[in-house]
A.B. asks: 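Structure incoming, see below.
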There are 4 protein chains.
Amino acid sequence: MPAVNSQPRRARSGNQRDEAARLAVLHAADDLLVEHGFAKLTIEAIARQAGVAKQTIYRWWPSKVEILLDTLIEDSEKRFAVPAEKSTEDVIRGYFRGYARFVTRDPAGKVLLALIAEAQHNPGTAKSLHDRYLGPRRELERDLLTRGTEAGEVSPRLDLDAAIDAVVGPIVYRALTGANVPRALVDALFDGQLKP
Amino acid sequence: MPAVNSQPRRARSGNQRDEAARLAVLHAADDLLVEHGFAKLTIEAIARQAGVAKQTIYRWWPSKVEILLDTLIEDSEKRFAVPAEKSTEDVIRGYFRGYARFVTRDPAGKVLLALIAEAQHNPGTAKSLHDRYLGPRRELERDLLTRGTEAGEVSPRLDLDAAIDAVVGPIVYRALTGANVPRALVDALFDGQLKP
Amino acid sequence: MPAVNSQPRRARSGNQRDEAARLAVLHAADDLLVEHGFAKLTIEAIARQAGVAKQTIYRWWPSKVEILLDTLIEDSEKRFAVPAEKSTEDVIRGYFRGYARFVTRDPAGKVLLALIAEAQHNPGTAKSLHDRYLGPRRELERDLLTRGTEAGEVSPRLDLDAAIDAVVGPIVYRALTGANVPRALVDALFDGQLKP
Amino acid sequence: MPAVNSQPRRARSGNQRDEAARLAVLHAADDLLVEHGFAKLTIEAIARQAGVAKQTIYRWWPSKVEILLDTLIEDSEKRFAVPAEKSTEDVIRGYFRGYARFVTRDPAGKVLLALIAEAQHNPGTAKSLHDRYLGPRRELERDLLTRGTEAGEVSPRLDLDAAIDAVVGPIVYRALTGANVPRALVDALFDGQLKP
DNA sequence: TATTAATCGAGACGGTACGTCATGTCTTTTA
DNA sequence: TAAAAGACATGACGTACCGTCTCGATTAATA
């Protein structure tokens, strides 16, 4: 059964990890999740879609969760990075708007929702999700808000983590329950928690 | 493989649905979820644990999600009902405190988290969860808040659904990510959204 | 992937073992061995060819060796039974001629050679082959020769097992090494060992 | 995973074939066959055991059968050569006694049995076994017996190949079926076929 | 004294088959 | 007619080897 993606691909590079295979797996996982849902996201299907041997997947990823984390981390960085420099009110507000857009309208955001979901079923997923995604990102978010607070741009009503959860929580919860998250709602949450 | 739960049980009742079998399935599902996690919650395992034939499960429930919804609805009603009468500030505040307790500390609350999770993987689950649980409950929550607003006990900053999500969202999000939800946090959310 | 053998087949018979499935497996094993050789005789291929689930095979046979033993026992009985009644010289001589024909010219005889071969690779196969085929058959052969000796029809030069091996050994050895076994050779072995 | 056999070994010899690697492979194959049986005799296991890269094996041997043939030919020559000079009755009788000892009691004899077995599963093996082992050896055996016949030391009842098979066949057959081959049996076969 | 060419260990790769498990459907037997 | 029992086709799981390949290192013969 040949690869589904058609480009010539594959300059097999001997002893070294094959970057083309790595990308094929990540894209296949992404595609399958978006097109057919998590239930159809099996290792066999990924291998089939990517034109890759199952063993190649098992060699590099301990589970499909880690594959999804890899795609999530890459996609998040591109579409949804935590601003590392400026901490003005508008930048911070824009970050949360971007968050809402990511989890409700960007196909890549489905990966985050799927991983939060999977973490309920599987303690290992929970740990990986925290260690590799939620934890590091939260660190950056805290930095962002700390800098904003010091600059007098924002002023959280609650302790930092609680304040972030008070904004992010409703966004994610609505995404998980299939509701939309209009920009006005994000702004209201932001104003309520960070601009009082 | 005989039933795990030991009582003699089962006066097989021919013509009528066997209530003992129904209860055995619900308890088995609950037990398995709490003790071994969602991953081990298979139809086969439920049948084994309940000492029931698979077909008996398939006859009465279209999927294991509906089994869990049955247990969730029963358990919610017992431990976590939406107050139908009084709508004082304290009652409403108490309701959200109960919500937080349910999803973070009550084993039965794990069922709700598991169903929210499963809904990400499976559109049918999403529909059932809304139609049978989230929707009806939200209706009651809206009533509760409406009565509270009319009585001048609370005064939501946002439209009703958004206001409820602004309180429930952070609670559920923290539960989903394994964080605790101290009573003080619930109170702060409540005060911020409903008492301004 | 549908069954290869085409008849409508399969009136699935619920609680009871499905005889059609059993036969389909035996025939598929036989066919594959004869047409493609032992190397292609995998459980997956048998399942495919028989239009049967792998699990159905694993449910009833501990290994493909036992499948082959089943076919060998049935086929041997039909084509190559040990004469149970008469023990005249001609009957006994005819038996050994039949033996030679079976292992060198009958496709079903390939199964015996394959099992002797597999027994070298696998102690479990060796045990099964003895317990289910070689042992019982040797018992009957000993009876046959004992009756023949008592009737004065034959007179073995060696003890019974050695005498039988002195005739059967060359036949099987030549079959295993791809040589033919002409009738005259069988007769010469018979005359040399049993008619001196 | 380092080599299992411990000596420092291997002064990698650049341009030339590495004799140490060749021997390591042969010994590893022998060891694995004797200690763990044919089933565990995989190319990967040989490479592991020998501390050699798989490619080194594939470079020099087309299959593991050829490896075994190499060891068999060397070991046969040492322990079990066809007498090239004298052809007295005792020498010939001794040869067959040695044959029996080799296939039933010498670990190296297991290799011959394994190859006869493998030849049933694989036509390529059958050809190699004949071309490189059975054929040349049979040639020598015919010479031996021819010289013995001319010297009046033996007098076969059958044509040469049949006579040899009438002695060797029972020996090998009993070895294949796990029976012992006492010296007296060899002598009886020898006397019956070659001394009448 | 470089350069070339073949060897070696290592190990990634696309595959096939393994034996196990859960799915949802079906049938028989028992009460 | 409900329920226990369990056979069945389907298909994913994670593992083991297959035979091919490409690397970087080593070493002998050649230029």
Side-chain angles (χ1 to χ4, degrees), chain A residues 1-3 10-18 20-22 40-45 47-48 50-60 62-64, chain B residues 1-3 10-18 20-21 40 42-45 47 51-60 62-64, chain C residues 1-3 10-18 20-21 40 42-45 47-48 50-60 62-64, chain D residues 1-3 10-18 20-21 40 42-45 47-48 50-60 62-64:
Chain A
M1 201 55 43
R10 198 62 42 78
R12 282 244 235 78
S13 38
N15 213 359
Q16 239 67 31
R17 176 164 187 181
D18 183 343
R22 188 185 139 264
K40 292 291 177 67
L41 188 73
T42 66
I43 298 279
E44 304 238 328
R48 221 158 28 227
V52 140
K54 272 201 302 177
Q55 187 55 49
T56 297
I57 298 181
Y58 285 109
R59 192 173 2 252
W60 298 109
S63 73
K64 70 186 174 194
Chain B
M1 197 53 46
R10 197 64 41 75
R12 281 235 244 79
S13 41
N15 212 348
Q16 235 73 26
R17 175 164 188 183
D18 183 344
K40 293 291 176 68
T42 65
I43 297 279
E44 303 243 327
V52 141
K54 276 200 303 177
Q55 187 55 45
T56 299
I57 297 179
Y58 283 109
R59 186 166 12 242
W60 298 109
S63 74
K64 71 186 173 194
Chain C
M1 198 56 41
R10 197 62 42 77
R12 281 241 238 76
S13 38
N15 213 359
Q16 239 69 31
R17 177 164 187 181
D18 184 344
K40 292 291 175 69
T42 65
I43 297 278
E44 304 237 329
R48 228 166 11 236
V52 141
K54 273 201 302 177
Q55 187 55 49
T56 297
I57 297 180
Y58 284 110
R59 192 176 358 253
W60 298 110
S63 74
K64 70 187 174 193
Chain D
M1 197 57 42
R10 197 65 41 76
R12 280 235 243 81
S13 40
N15 215 355
Q16 237 71 29
R17 175 165 188 182
D18 183 345
K40 293 291 176 68
T42 65
I43 297 279
E44 304 241 327
R48 219 157 32 225
V52 141
K54 274 199 304 176
Q55 186 54 46
T56 299
I57 297 181
Y58 284 109
R59 191 173 2 250
W60 298 109
S63 74
K64 70 186 173 192

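Since we're looking at a predicted model, the values are computed, not measured. Heavy-atom basis, side chains included; hydrogens, waters and symmetry copies ignored. By convention in this document, chain letters (A, B, ...) are assigned in the order of the sequence lines, proteins followed by strands, and residues within each chain are numbered from 1.
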A.B. asks: Starting at CZ of A:Arg22 and ending at C1' of E:dC13, how long is that distance when rounded to a whole Å?
C.D. replies: 17 Å
A.B. asks: To the nearest 0.5 Å, how far apart are CG in C:Asp18 and CZ in C:Arg59?
C.D. replies: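 Spacing of CG (C:Asp18) from CZ (C:Arg59) equals 10.5 Å.
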A.B. asks: Take the protein atom CG of C:Asp18 and the nucleotide atom P of F:dA9, then report the distance between them rounded to whole Å.
C.D. replies: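 The distance from CG of C:Asp18 to P of F:dA9 comes to 7 Å, rounded to the nearest Å.
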A.B. asks: What heavy-atom pair brings A:Ala45 and A:Lys40 nearest, and what distance separates the two atoms?
C.D. replies: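 In this case the closest contact between A:Ala45 and A:Lys40 is CB-O, 3.7 Å.
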A.B. asks: Taking only the side-chain nitrogens and oxygens of B:Arg59, find out if one of them lies under 4.0 Å from OP1 or OP2 of F:dA3.
C.D. replies: yes
A.B. asks: Check the distance between E:dC8's P and D:Asn15's CG and give it to me in whole angstrom.
C.D. replies: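 After rounding, the reported distance stands at 10 Å.
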A.B. asks: Taking OP1 and OP2 of F:dA7, is either one under 4.0 Å from a side-chain nitrogen or oxygen of C:Thr56?
C.D. replies: no
A.B. asks: If you compare every side-chain N and O of B:Trp60 against the phosphate oxygens of F:dA2 (OP1, OP2), does one of them come in below 4.0 Å?
C.D. replies: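 So the side chain of B:Trp60 is outside the cut-off, no N or O lying under 4.0 Å from OP1 or OP2 of F:dA2.
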A.B. asks: So, for D:Ala47 and D:Ala53, which heavy atoms are closest and what is the spacing to 0.1 Å?
C.D. replies: CB-C, 4.3 Å
A.B. asks: Please list, pair by pair, any protein nitrogen or oxygen found under 3.5 Å from a nitrogen or oxygen in nucleotides 18-22 of chain E.
C.D. replies:
from: E:dC18; atom 1: OP1; to: C:Ile43; atom 2: N; distance (Å): 2.7
from: E:dC18; atom 1: OP2; to: C:Ile43; atom 2: N; distance (Å): 3.2
from: E:dC18; atom 1: OP2; to: C:Glu44; atom 2: N; distance (Å): 2.7
from: E:dG19; atom 1: OP2; to: C:Tyr58; atom 2: OH; distance (Å): 2.6
from: E:dG19; atom 1: O5'; to: C:Tyr58; atom 2: OH; distance (Å): 3.4
from: E:dG19; atom 1: N7; to: C:Lys54; atom 2: NZ; distance (Å): 2.9
from: E:dG19; atom 1: O6; to: C:Lys54; atom 2: NZ; distance (Å): 2.8
from: E:dC21; atom 1: N4; to: C:Gln55; atom 2: OE1; distance (Å): 3.2

A.B. asks: With sequence neighbours left out, write down each residue that passes side chain to side chain donor-acceptor pair (under 3.5 Å) with A:Gln55, or none if nothing qualifies.
C.D. replies: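 Partners of A:Gln55 by the side chain to side chain donor-acceptor pair (under 3.5 Å) criterion come out as none, since no residue qualifies.
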A.B. asks: Could you please name the option among E:dA5, F:dC8, F:dA4 that lies closest to any side-chain atom of C:Arg17?
C.D. replies: F:dC8
A.B. asks: Quick one: is the NZ or CZ of C:Arg17 closer than 6.0 Å to the six-membered ring centre of C:Trp60, and within 45° of its axis?
C.D. replies: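 C:Arg17 over C:Trp60 ring: yes.
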A.B. asks: Going by the rule side chain to side chain donor-acceptor pair (under 3.5 Å), which residues pair with A:Lys64 if we only count those two or more places apart in sequence or in a different chain?
C.D. replies: none
